[in-house]
Amino acid sequence: MPRAAEPRAAAQPQSPGQRARWDRILRAAAELGAQHGLDGVQMQDVAKEAGVALATLYRYFPSKTHLFTAVMGAQVDRMDEPSPQIEAAADPAEAVAEVLLRSTRHLLRTPLLASAIMQSNYAAHAATIGETARIDAKVRATIMDLIGLEHPVKRDEQLVRLLMKCWHGVIVSALNGHTTQADAEAEIRLACQVLLGTRSNVRQTGRP
């Protein structure tokens, strides 16, 4: 009997030209995902929109899960960009809330794309799609930096992971129509206050 094919690792862009094609692919996927959602996007349409060969698309993104996980990664990479709201935050927990709210609002502006991203993120397995681990690490690092924890202990890590899970859950609830955007934003703020309040005091006072 023929052996099943081994899962193939996704290639990474190495040259400026490859990076440009990679970026075009992600932009095309985001545009088509915003119009059609995950199930409505066809890989050949992404390749055509991006102006690349289908084989090139599959070399970088072996599946739609790989593709839309990478779209999420591109968005997460902009999480720590400064803004007046973040700079004006009264305390670190509020700064974290502003970062998460900015990302949430961006996602909810294109609900079909947001659903595609969240579905792919939940379907992705870190062992085969390394981008998932990188995304989680980026979000954790952004939160830790905002609350001033250079050397977090185990409980700090647990609280941040819990906040990330809560944030994801609120987004899914809003996308499914179970939560209004206003309620979603209030819940994200509350989660930051409850889970990070003590850690915020550490940064402000220098005392645990």
Side-chain angles (χ1 to χ4, degrees), residues 26 29-41 64-65 67-126 129 131-147 155-200:
L26 293 187
E31 291 172 5
L32 292 172
Q35 297 173 33
H36 307 294
L38 184 64
D39 292 339
V41 172
K64 283 197 288 185
T65 298
L67 178 59
F68 282 98
T69 299
V71 172
M72 182 176 188
Q75 295 192 6
V76 164
D77 285 339
R78 298 191 291 271
M79 278 190 74
D80 55 2
E81 292 178 349
S83 77
Q85 292 80 9
I86 296 169
E87 295 297 327
D91 58 60
E94 184 178 329
V96 173
E98 290 297 338
V99 167
L100 298 184
L101 288 171
R102 180 174 61 182
S103 295
T104 301
R105 291 165 186 153
H106 180 75
L107 285 167
L108 295 182
R109 279 198 293 269
T110 51
L112 289 178
L113 175 60
S115 293
I117 286 173
M118 299 306 291
Q119 288 177 54
S120 296
N121 184 59
Y122 285 124
H125 193 287
I129 304 181
E131 184 72 354
T132 59
R134 192 192 71 80
I135 289 169
D136 286 348
K138 172 67 176 182
V139 176
R140 282 199 307 272
T142 299
I143 294 172
M144 291 293 187
D145 182 64
L146 285 169
I147 58 179
R155 180 172 173 78
D156 299 326
E157 297 280 2
Q158 290 173 328
L159 290 172
V160 171
R161 283 198 302 270
L162 185 57
L163 175 61
M164 290 166 61
K165 292 174 182 177
C166 180
W167 176 46
H168 286 181
V170 169
I171 292 172
V172 171
S173 182
L175 289 171
N176 289 340
H178 298 155
T179 303
T180 66
Q181 183 165 340
D183 285 344
E185 293 191 13
E187 289 168 2
I188 290 169
R189 288 189 184 279
L190 179 60
C192 290
Q193 293 167 5
V194 171
L195 295 172
L196 302 180
T198 301
R199 295 292 85 197
S200 297

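In this chain, residues are counted from 1 in sequence order.
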Q. Got a donor-acceptor contact below 3.5 angstrom from the Arg102 side chain to the Glu81 backbone?
A. yes
*Answer yes or no: is there a side-chain heavy-atom contact under 4.5 Å between Leu112 and His36?*
no
Rounding to 0.5 Å, atoms CD (Glu31) and CG (Leu26) come to a distance of 11.0 Å
Here the pair of heavy atoms bringing Ala93 nearest to Leu196 is CB-CB, 4.1 Å
Margin query: Any non-hydrogen side-chain atom of Leu38 less than 4.5 Å from a side-chain atom of Leu113?
Written below: no
Practice item. Look only at the side chain of Thr104 and the backbone of Leu100, and say whether a donor-acceptor pair between them is shorter than 3.5 Å. Key: yes
- [ ] Output, in order, the C-alpha distance, side-chain angles, deciding distance and verdict of side chain to side chain contact (heavy atoms under 4.5 Å, CB included) for Arg189 and Glu98.
- [x] CA-CA 8 Å; Arg189 288 189 184 279; Glu98 290 297 338; 3.1 Å; yes
In this structure, CD1 of Ile143 is separated from CD of Glu157 (nearest 0.5 Å) by 10.5 Å
Quiz item: Going by heavy atoms in the side chains, are Trp167 and Ser103 under 4.5 Å from each other?
Solution: yes
Rounding to 0.5 Å, atoms CZ (Arg109) and CZ (Arg105) come to a distance of 9.0 Å
Between Asn176 and His178, is there a donor-acceptor pair closer than 3.5 Å when you use the side chain of the first and the backbone of the second? no
Residues passing the side-chain hydrogen bond (donor to acceptor under 3.5 Å, both in side chains) test with Gln35, sequence neighbours excluded, are none
Q) Are Lys64 and Ser120 close enough that some pair of their side-chain heavy atoms sits under 4.5 Å apart? A) no
Rounded to the nearest 0.5 angstrom, the CG-CG distance for Asp91 and Leu146 is 11.0 Å
Looking only at heavy atoms, the pair that brings Ala184 and Ala174 closest together is CB-CB, 4.3 Å
Between the CZ atom in Arg155 and the CG atom in Leu162, the distance rounded to the nearest 0.5 Å is 10.0 Å
Would you give me the side-chain donor-acceptor pairs under 3.5 Å for residues 68-80, sequence neighbours excluded?
| residue | atom | partner | partner atom | Å |
| --- | --- | --- | --- | --- |
| Thr69 | OG1 | Thr65 | O | 2.6 |
| Asp77 | OD1 | Arg134 | NH1 | 2.8 |
| Asp77 | OD1 | Arg134 | NH2 | 3.3 |
| Asp77 | OD2 | Arg134 | NH2 | 3.3 |
| Arg78 | NH1 | Ala74 | O | 3.3 |
| Asp80 | OD2 | Lys138 | NZ | 2.8 |

Answer yes or no: is there a side-chain heavy-atom contact under 4.5 Å between His168 and Asn121? yes
Between Gly37 and Ala116, the two heavy atoms sitting closest are C-CB, 4.5 Å
The side-chain contact (heavy atoms from CB on, under 4.5 Å) partner of Ile188 among Asp183, Val96, Leu101, Leu163 is Leu101
Rounded to the nearest 0.5 Å, the CD atom of Glu131 sits from the CG atom of Asp136 at a distance of 10.0 Å
- With a 4.5 Å heavy-atom cut-off, do Gln193 and Glu94 have their side chains touching? no
